[in-house]
There are 2 protein chains.
Amino acid sequence: MNTDKLFEALSEPNRRSMLEYLRVRDRSVGELVELSSLSQPGVSKHLRILREAGLVTVRSDAQKRMYSLNAKPLEQLDDWLGPYRRYWSGKLDDLERFLDEEKP
Amino acid sequence: MNTDKLFEALSEPNRRSMLEYLRVRDRSVGELVELSSLSQPGVSKHLRILREAGLVTVRSDAQKRMYSLNAKPLEQLDDWLGPYRRYWSGKLDDLERFLDEEKP
DNA sequence: CATTTATATAACTAATGGGTAATATAATAA
DNA sequence: TTATTATATTACCCATTAGTTATATAAATG
């Protein structure tokens, strides 16, 4: 999946909230509307973006549509963070600086 | 620092590129302009946003302004990922699901 | 089948974002 | 001091986004 789309999807606070609600359990659109301060179409629109980023999946349950978290794409974010990790743990030593310049 | 601003700052591909260039070494604005396909004001504008998100710092070197990566705020991103980590490693067991519902 | 319930899509609007050229500011060099 | 170099800021423009209301679609129910 596309990294740009992933970051883009995560840049919106309401969408991040939705992911957290879905982390607890699957939710219908209606439930997500109640949990948010948005209109139903607003929620559906955000869900579409989360779907296209692969962060959620849907299944039908009668008239309802149940949304589930799919955290797989977040692994990409974790990978992206990889090279930065050593930086926030403190000062780099010379070897680390050297290794950084080898694989830019 | 603000999580919203952090995600927002990271949502733009050019800005993420700049962070990677700064990961290798400090850079002047001019260098970053050459490395990008943007105009100088364009680069300065992105740098402002990165600064306000705390992701870079500046120091003056004669007329130049040298920008440095500050990865500290990315630790927040790492923290945000925390609760999602177990999900992409595979199926949750019952205990994990239980723990998830305890701390929503 | 008509109605109700649940959700998606369409059409629109206001605000924001990213881009540029032009200009202001700041430090160095002549 | 004047000119040059380097960067930030301003003033725009256009495209995108997030939100809305209204409407379409789809399944369940009477």
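Residue numbers begin at 1 in each chain, while the letters A, B, ... track the order of the sequences. Side-chain atoms are counted along with the backbone in the values below, which use heavy atoms only and exclude waters and symmetry mates. Just so it is clear, the structure is predicted and the values come from calculations on it, not from any experiment.
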Derivation and outcome, side-chain contact (heavy atoms from CB on, under 4.5 Å), residues B:Leu10 and A:Leu10: CA-CA 10 Å; B:Leu10 295 175; A:Leu10 295 176; over 6 Å; no
Strand contacts (DNA chain D) in residues 60-70 of chain B, 4.0 angstrom heavy-atom criterion: B:Gln63, B:Lys64, B:Arg65, B:Tyr67
Contact list for DNA chain D against residues 11-19 of chain B - heavy-atom distance below 4.0 Å: none
Non-hydrogen side-chain atoms of B:Arg48 and B:Lys45 separated by less than 4.5 Å: no
Within residues 33-47 of chain A, residues whose heavy atoms come under 4.0 Å of DNA chain D: A:Leu38, A:Ser39, A:Pro41, A:Gly42, A:Lys45, A:His46
Contact boundaries on DNA chain D for chain B, cut-off under 4.0 Å to non-hydrogen atoms: D:dT5 to D:dT9
Close side-chain approach of B:Asn2 and B:Glu8, heavy atoms under 4.5 Å: no
Sub-4.5 Å side-chain heavy-atom contact between B:Arg59 and B:Asp26: yes
Basic-acidic side-chain contact under 4.0 Å: B:Arg16, B:Glu20: no
Pairwise ring-ring contact (aromatic ring centres under 6.0 Å, His included) hits with a residue in residues 29-86 of chain A, at least two apart: A:Phe7-A:Trp80, A:Trp80-A:Tyr84
Nearest heavy atoms of B:Ala9 and B:Leu55, plus distance in Å: CB-CD1, 4.1 Å
Helical stems, DNA chain D - three or more consecutive Watson-Crick or G-U wobble pairs below 3.5 Å: C:1-30 with D:1-30
Same cluster (ILVMFWY, side-chain, under 4.5 Å), A:Met66 and A:Val33: no
A:Leu81 and B:Leu81, any side-chain heavy atoms less than 4.5 Å apart: yes
Pair A:Val56-A:Leu19, side-chain contact (heavy atoms from CB on, under 4.5 Å): steps then yes or no: CA-CA 8 Å; A:Val56 300; A:Leu19 292 182; 4.0 Å; yes
